[in-house]
Amino acid sequence: MSALFDLTGKTALVTGSARGLGYCYAEGLAAAGASVVLNDIRAELLDESVQKLRAKGYQAHGVAFDVTDEDAVESAFAALQQQGLPVDILINNAGIQYRKPMVELELEQWQRVIDTNLTSAFIVARAAAKRMIARGNGGKIINIGSLTSQAARPTVAPYTAAKGGIKMLTCAMAAEWAEFNIQTNAIGPGYILTDMNTALIDNKDFDAWVKASNPSKRWGKPEELIGTAVFLSSTASDYINGQIIYVDGGWLAVL
Ligand code: NAP
Ligand code: GCO
């Protein structure tokens, strides 16, 4: 049974993984046997995180690039291939949040969120899938959605539009790439305790709303996302495609 979840011999690229949920995904996949490639914009932070995983005995590498820059993405994939690190598993995790009512939102602010949270998933997955198809060994692509892939709240419109797009882009990738033995799925985390949500965690009213709104009555912990990421990266999910798994304490299951 454990062989179903064994990632030994696989190379996994996790975008935006110097910290936060991305770092958790990278550590979890490394613990399952994968050689992990961390990514971030900030090279110095990225190197610190790579060293942390290496100190734990994991196979970890780092490649700094901006996920919205398609030339940088292509160069990174070419460099990884030359280093003998062809990407077998991709987690499109990098993302930003920008909270403002739509009537006050500048187009540039909208576009930056859409570019980082949605368009980048296309850019990076395209680079991965082209090479997976050429190698003929299949692959795994995991896009990161959100509760906002399914429902909205005020002041996070571009994020919500992007995450809704992630849900359907995941279906589109499954539609085009399943025949090449590439499984593309998504994870929809609930409200998780990371830097992205510091302002919300510190807000007593918002904290109370999160705890009242889901049957688990609490925020999620980053490490609670690892099992789903390993599952969707492994043989255990070879006949699952185009799905989104919400890791939300039951939030979307209740009225
Ligand atoms: P986070 O703590 O803010 O970390 C985001 C990471 O993405 C950072 O390492 C950041 O790099 C990186 N990043 C941002 N823009 C990038 C770019 N253009 N190129 C490369 N890397 C970039 O966020 P998080 O909470 O871990 O969230 C990670 C993902 O999960 C996001 O897609 C988010 O939407 C999603 N998510 C989070 C939650 C939650 O409750 N936390 C729930 C649902 C979904 P720097 O370190 O250089 O800033
Ligand atoms: C917000 C939060 C959410 C969470 C997450 C919920 O401002 O409402 O940032 O977007 O991060 O996406 O699933």
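For the numbers below, each heavy atom of this structure counts, side chains included, while hydrogens, waters and symmetry mates do not. Atoms within each ligand, like the ligands themselves, are counted from 1 in listed order.
The closest approach between a heavy atom of Gly145 and any atom of ligand 1 is below 4.0 Å. In this structure, Thr15 does not count as a contact residue of ligand 1, since none of its heavy atoms falls inside 4.0 Å of the ligand. By the 4.0 Å heavy-atom criterion, Asn117 is excluded from the residues contacting ligand 1. Assignment of Tyr23 to the shell around ligand 1 is not supported, since no heavy atom sits closer than 4.0 Å.
Nearest to atom 26 (O) of ligand 1 among the protein's heavy atoms is Leu21 N, 2.8 Å. For atom 12 (C) of ligand 1, the nearest non-hydrogen atom of the protein is Gly16 CA, 3.6 Å. Protein heavy atom nearest atom 29 (C) of ligand 1, with residue, atom name and distance: Asn93 O, 3.0 Å. When only non-hydrogen protein atoms are considered, atom 43 (C) of ligand 1 lies nearest to Pro189 O, 3.3 Å.
In this structure, of Asp40, Ile144, Val73, the residue bringing a heavy atom nearest to atom 30 (O) of ligand 1 is Ile144. Of the candidates Ser146, Gly188, Gly95, Ser146 brings a heavy atom nearest to atom 6 (C) of ligand 2.
Residue contacts with ligand 1 for Thr194 involve side-chain atoms from C-beta outward but no N, CA, C or O (heavy atoms, distance under 4.0 Å). Proximity of Thr155 to ligand 2, defined as any heavy-atom pair under 4.0 Å, is not found for any part of the residue. Under 4.0 Å from ligand 2, not a single heavy atom of Asp248 appears. In Lys163, neither the side chain nor the backbone holds a heavy atom less than 4.0 Å from any atom of ligand 2.
Under the 6.0 Å distance and 45° angle rule, Lys52 counts as a cation-pi partner of Tyr23.
Of the charged side-chain nitrogens involved, none lies within less than 4.0 Å of a carboxylate oxygen, so that Lys100 and Glu106 do not count as a salt-bridged pair.
No option in Lys56, Arg19, Arg54 other than Lys56 meets the salt bridge (charged side-chain N to carboxylate O under 4.0 Å, His left out) test with Glu27.
For ligand 2, one of its N or O atoms has an N or O atom of Arg99 under 3.5 Å away. Considering both main-chain and side-chain atoms, Leu147 comes within under 3.5 Å of ligand 2 through a nitrogen or oxygen pair.
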